[in-house]
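Below is one structure, written out as structure tokens; comments come after it.
In what follows, chains carry the letters A, B, and so on, assigned in the order in which the sequence lines appear, proteins first and then strands, with residues in each chain numbered from 1.
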Protein chains: 2
Amino acid sequence: MDSITTLLRNRGFKVTPQRLAIYKVLVNTRSHPSAEMIFNDLQPVYPTMSLATVYKTIEILQELGLVQRLNVGEDSFRYDAIVDTHPHIRCLGCGRVDDLEEVDSQEFVKSIDETTSYKITGQQFYFFGYCPVCQKQKKHQN
Amino acid sequence: MDSITTLLRNRGFKVTPQRLAIYKVLVNTRSHPSAEMIFNDLQPVYPTMSLATVYKTIEILQELGLVQRLNVGEDSFRYDAIVDTHPHIRCLGCGRVDDLEEVDSQEFVKSIDETTSYKITGQQFYFFGYCPVCQKQKKHQN
DNA sequence: CTCGTTGCAAACACTTTGCACTAAT
DNA sequence: ATTAGTGCAAAGTGTTTGCAACGAG
């Protein structure tokens, strides 16, 4: 199996508790945390861990193809352990970022691929709106 | 007509040569420049203009709905005077950013809108790949 | 003349880097 | 024992802000 442990070792990276912990946070959440959110999550368990370690680890995880980086229009990046390309949506009320996995974007990608002179290698789809909770709280302007 | 001059005045903003020049740069290009690119463009004509003015002006232009801000996965934002939402593609070889206007994304947006519990207010589609020039120059890894 | 704007520099926020100490192999 | 990684602080980027001098209305 290709566990994170094996993947790290195969590439000459050492397996440290910090790296495992950071990856675990990403695997166990759907909240698409930023580096700082991961850092805060781990504060209770790894009080001495630094933000720099989070950034350095995330970079390795991206290299290994275990994590993808999202740019949801905020000042900071967010990270997702689901590396398959799928659309994301950010709530303009509370800032939460959700997956939009149900939808098939293949046809859309295909139509782009057929009309552009570019050779397409990847894509990111970002939606913006208001989540159910914020809709009720009228945090949105109708 | 709703020229930039009128729009500025209507909202109590003053019409300055800097503001007109910055907007003109955006209207006359398809390169989706960053703030710094705009700044560099204007250096010969407005040698004393500061980057801060570019940023402040762009913010106003966004408020007026004359410009949209793009987040193409770089460290800096890019700006587009075509405010209608359309997909963009960035060349991973040379960094150029192009429009993908030919394609209709309505159906894709509609299918998302029908499956999500969010109230969607906007979206951004970003593609990545290699432009014709970089494909020839083999700047891409096959 | 008045009040918003410019341009400079300083402040900011997020991310990256340098380096001595520590820990994985 | 070796060599890479951690954690701290400092440096880097792009962007924003404060403020005195300036210019549009």
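Listed by first then second residue, pairs satisfying salt bridge (Lys or Arg N to Asp or Glu O under 4.0 Å) with a partner in residues 9-20 of chain B read B/R11-B/E63, not counting sequence neighbours.
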Table of protein N/O atoms under 3.5 Å from nucleotides 13-15 of chain D N/O atoms:
residue	atom	partner	partner atom	Å
D/dT15	OP1	B/F77	N	2.8
D/dT15	OP2	B/Y55	OH	2.1
D/dT15	O5'	B/Y55	OH	3.0

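A donor-acceptor pair under 3.5 Å is absent between the side-chain atoms of B/T29 and the main chain of B/L26, judged by distance alone.
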When the side chains of residues 36-43 of chain B are checked against the rest of the protein, which donor-acceptor pairs come out under 3.5 Å, sequence neighbours left out?
residue	atom	partner	partner atom	Å
B/N40	ND2	B/E36	O	3.3

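Counting to the nearest Å, the P atom of D/dT16 and the CD atom of B/E63 are 12 Å from each other. The separation between B/L20 atom CG and C/dT6 atom C1' is 14 Å, rounded to whole Å. Atom P of nucleotide D/dG7 and atom CZ of A/R19 are separated by 11 Å, given to the nearest angstrom. Taking atom CG on B/L8 and atom C1' on C/dG4, their separation rounds to 12 Å, with Å as the unit. The distance between atom CZ of A/F39 and atom C1' of C/dA13, rounded to the nearest whole Å, is 15 Å. For the pair A/M49 CE and D/dG5 P, the computed distance is 14 Å after rounding to whole Å. In this structure, the CZ atom of A/R11 is 17 Å from the C1' atom of D/dG5, given to the nearest Å.
Using a 4.0 Å cut-off, no side-chain N or O of B/Q18 falls inside it from OP1 or OP2 of D/dG23. Considering only side-chain N and O atoms, A/T48 lies under 4.0 angstrom from the phosphate OP1 or OP2 of D/dG7. At C/dG7, one or more side-chain N or O atoms of B/T53 fall inside 4.0 Å of OP1 or OP2 (strictly under the cut-off).
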Subject >> B/S/- contact track for nucleotides 18-25 of chain C, protein heavy atom under 4.0 Å >> reply: B-----BS

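Within 4.0 Å (heavy atoms only), A/E59 reaches no atom of the nucleic acid at all.
A distance of 6.0 Å or more separates the ring centres of A/Y126 and B/F125.
For A/E74, the salt bridge (Lys or Arg N to Asp or Glu O under 4.0 Å) test picks out A/R78, with sequence neighbours left out. Residues forming a salt bridge (Lys or Arg N to Asp or Glu O under 4.0 Å) with A/D98 (at least two apart in sequence, or on another chain): A/R96.
Between the side chains of B/Q124 and A/Q124, no donor-acceptor pair is found at a separation under 3.5 Å.
Judged by the 6.0 Å and 45° rule, B/R90 forms no cation-pi pair with B/F128. Note that A/R69 lies in the cation-pi zone of A/F77, set by a 6.0 Å cut-off to the ring centre and a 45° limit from the axis.
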